[in-house]
Amino acid sequence: MDTKCISTKRVIIIQTVLILFSALFAIIVHALLPATVDVVKFDSIFVKWFGFPAVAVFYFILLFTQCAMVVRYIGMRADATKLQTGIRFGIAFAMIYVFGMQEVVVEGSSFSNWGLGFIKYQFIIGIGDGIPAILLCLFIAYFTLDYSEKSKAIHKFQMTKSIKIIAIIAIAILMERTIGYETGFISSDISAYPVPCYMWTGFFGILMGYIYVILNPLLAFEKKQYSIPLRFIATIGVNWMIFNSFIGLIAKGAMPQMILRSGLDVAVLFLASIVVGKYNWVK
């Protein structure tokens, strides 16, 4: 069966069902967690108007809708099989959620301080978001992309080149966050937990570099100036901003900081991606 035979209406129905299923899966996992966040603490205008459950549902639908749109748009154009497209994007999004939940921001969690309990709890939440993301990407790729094999082998970077790319992106993120932390421009728990904060920042930069490496073969179609950096930001950057917006949706006055924090990350990722391409470390 070829995607040319699949009507737009059918694709929309499939995507809608899969997005709603993924959102429901994530919500159920969160509801089953033994420790819960005191909903009374959440006082944003959205929570007051619509209630916390409605805001949470809206967030997951928005997050997974962006995932589905990315897989569909890139998958129709990339020189890769549907399995390669689904698994690579699924892993990328899942890693963002699992590791992003570990950012050392104790306020808004169910813990009064950072420690092993915080790490375990945030890991379970990240897994609850990551598993449906992987399944969503795989199912969107399988049911809505071309069933013919586009490519038997996908371009892979040499190990040395991959390390250079990851190092450039990781250093850029570390420098940006360090300046933000030390100047107070980015709110953080750096004063209370400096070592965990900087460790998370370093690993976050490495993670973003690794995600760039595994997604580059999918993004490198119809190459034009800045095309790969722009696609990287439109896929991973936008998803990272939506992921960070959750606290802004539920906590009064938090949205500007969340947009600023993730927006700076995205801007630096874009610049680092340009540097990577400019010096011909990417074919």
Side-chain angles (χ1 to χ4, degrees), residues 18-42 44 47 51-68 86-140 188-189 192-193 195-208 210-211 214 236 239-251 254 258 261-262 265:
L18 291 174
I19 290 168
L20 292 177
F21 174 80
S22 300
L24 179 62
F25 185 106
I27 290 169
I28 290 175
V29 171
H30 285 238
L32 293 177
L33 287 174
T36 57
V37 179
D38 186 5
V39 177
V40 178
K41 294 167 56 178
F42 302 137
S44 73
V47 172
F52 177 77
V55 174
V57 170
F58 168 78
Y59 161 76
F60 280 117
I61 290 177
L62 177 64
L63 184 70
F64 291 136
T65 295
Q66 197 266 348
C67 293
I87 194 65
R88 284 174 183 256
F89 271 116
I91 289 175
F93 291 135
M95 289 193 299
I96 287 175
Y97 307 153
V98 172
F99 196 77
M101 291 303 304
Q102 293 296 333
E103 184 168 5
V104 187
V105 181
V106 177
E107 185 179 4
S109 73
S110 56
F111 296 86
S112 58
N113 52 60
W114 181 87
L116 186 59
F118 176 91
I119 294 173
K120 289 181 178 179
Y121 180 73
Q122 297 297 95
F123 177 75
I124 295 174
I125 294 180
I127 290 294
D129 295 350
I131 292 177
I134 292 177
L135 295 176
L136 173 65
C137 292
L138 285 173
F139 289 153
I140 289 292
S188 67
D189 289 343
Y193 310 105
V195 174
C197 280
Y198 277 112
M199 285 184 63
W200 179 88
T201 303
F203 283 117
F204 173 67
I206 293 173
L207 174 65
M208 283 300 181
Y210 176 72
I211 290 175
I214 66 173
I236 296 304
N239 194 264
W240 175 241
M241 293 189 72
I242 295 174
F243 175 77
N244 275 271
S245 71
F246 180 67
I247 296 299
L249 289 172
I250 63 176
M258 294 300 102
R261 178 197 303 266
S262 56
D265 292 337

Handout entry: Minimum side-chain heavy-atom gap Phe123-Gln102 below 4.5 Å
Key = yes
Practice task
Might you point out which heavy atoms bring Leu207 and Phe99 nearest each other, and give the distance in Å?
Solution key: CD2-CB, 3.7 Å
Problem - From Phe64 atom CZ to Leu135 atom CG, the distance as rounded to the nearest 0.5 Å - result: 9.5 Å
Exercise for the section: Using the ring pair (Phe, Tyr, Trp, His ring centres under 6.0 Å) rule, pick out the option among Phe60, Phe246, Phe243 that qualifies with Tyr97. Expected result: Phe243
Problem - Heavy-atom side-chain contact between Cys67 and Asn239 under 4.5 Å - result: yes
Handout entry: Gap separating the CG atom of Leu138 from the CZ atom of Phe89, nearest 0.5 angstrom
Key = 12.5 Å
Exercise for the section: Identify the heavy atoms of Trp114 and Pro196 that sit nearest to each other, and give their distance. Expected result: CZ3-CG, 3.7 Å
Practice task
Walk me through it: do Leu24 and Leu20 pass the test side chain to side chain contact (heavy atoms under 4.5 Å, CB included)?
Solution key: CA-CA 6 Å; Leu24 179 62; Leu20 292 177; over 6 Å; no
Handout entry: Trp240 versus Asp265, side-chain donor and acceptor atoms under 3.5 Å
Key = yes
Practice task
Output, in order, the C-alpha distance, side-chain angles, deciding distance and verdict of side chain to side chain contact (heavy atoms under 4.5 Å, CB included) for Tyr210 and Met95.
Solution key: CA-CA 10 Å; Tyr210 176 72; Met95 289 193 299; 3.6 Å; yes
Problem - Closest non-hydrogen atom pair, Ile140 against Leu18 - result: CD1-CD1, 3.6 Å
Practice task
Determine, step by step, whether Ile134 and Phe93 satisfy the side chain to side chain contact (heavy atoms under 4.5 Å, CB included) criterion, reporting the C-alpha distance in whole Å, the side-chain angles of both residues, the deciding distance to 0.1 Å, and the verdict.
Solution key: CA-CA 7 Å; Ile134 292 177; Phe93 291 135; over 6 Å; no
Handout entry: Ala92 versus Ile236, closest heavy-atom pair with distance
Key = CB-CD1, 4.1 Å
Problem - side chain to side chain contact (heavy atoms under 4.5 Å, CB included) between Gln66 and Met241, intermediate numbers included - result: CA-CA 11 Å; Gln66 197 266 348; Met241 293 189 72; over 6 Å; no
Exercise for the section: Tell me, yes or no, whether the heavy-atom count around Tyr198 atom OH, taken from other residues, nucleotides or ligands under 6.0 Å, exceeds 12. Expected result: yes
Handout entry: Euclidean distance, Asp129 CG relative to Ser22 OG, rounded to 0.5 Å
Key = 11.0 Å
Handout entry: Test item: Ser245 side-chain N/O and Gly248 main-chain N/O as donor-acceptor pair under 3.5 Å
Key = no
Handout entry: Glu103 CD to Ser188 OG distance, which is reported to the nearest 0.5 Å
Key = 8.5 Å
Handout entry: Heavy-atom side-chain contact between Ile127 and Met101 under 4.5 Å
Key = no
Practice task
Determine the minimum heavy-atom distance between Val104 and Asp189, stating which atoms define it.
Solution key: O-OD2, 3.4 Å
Practice task
Check Ala68 against Leu136 and note the closest heavy-atom contact, atom names and distance.
Solution key: N-CD2, 4.3 Å
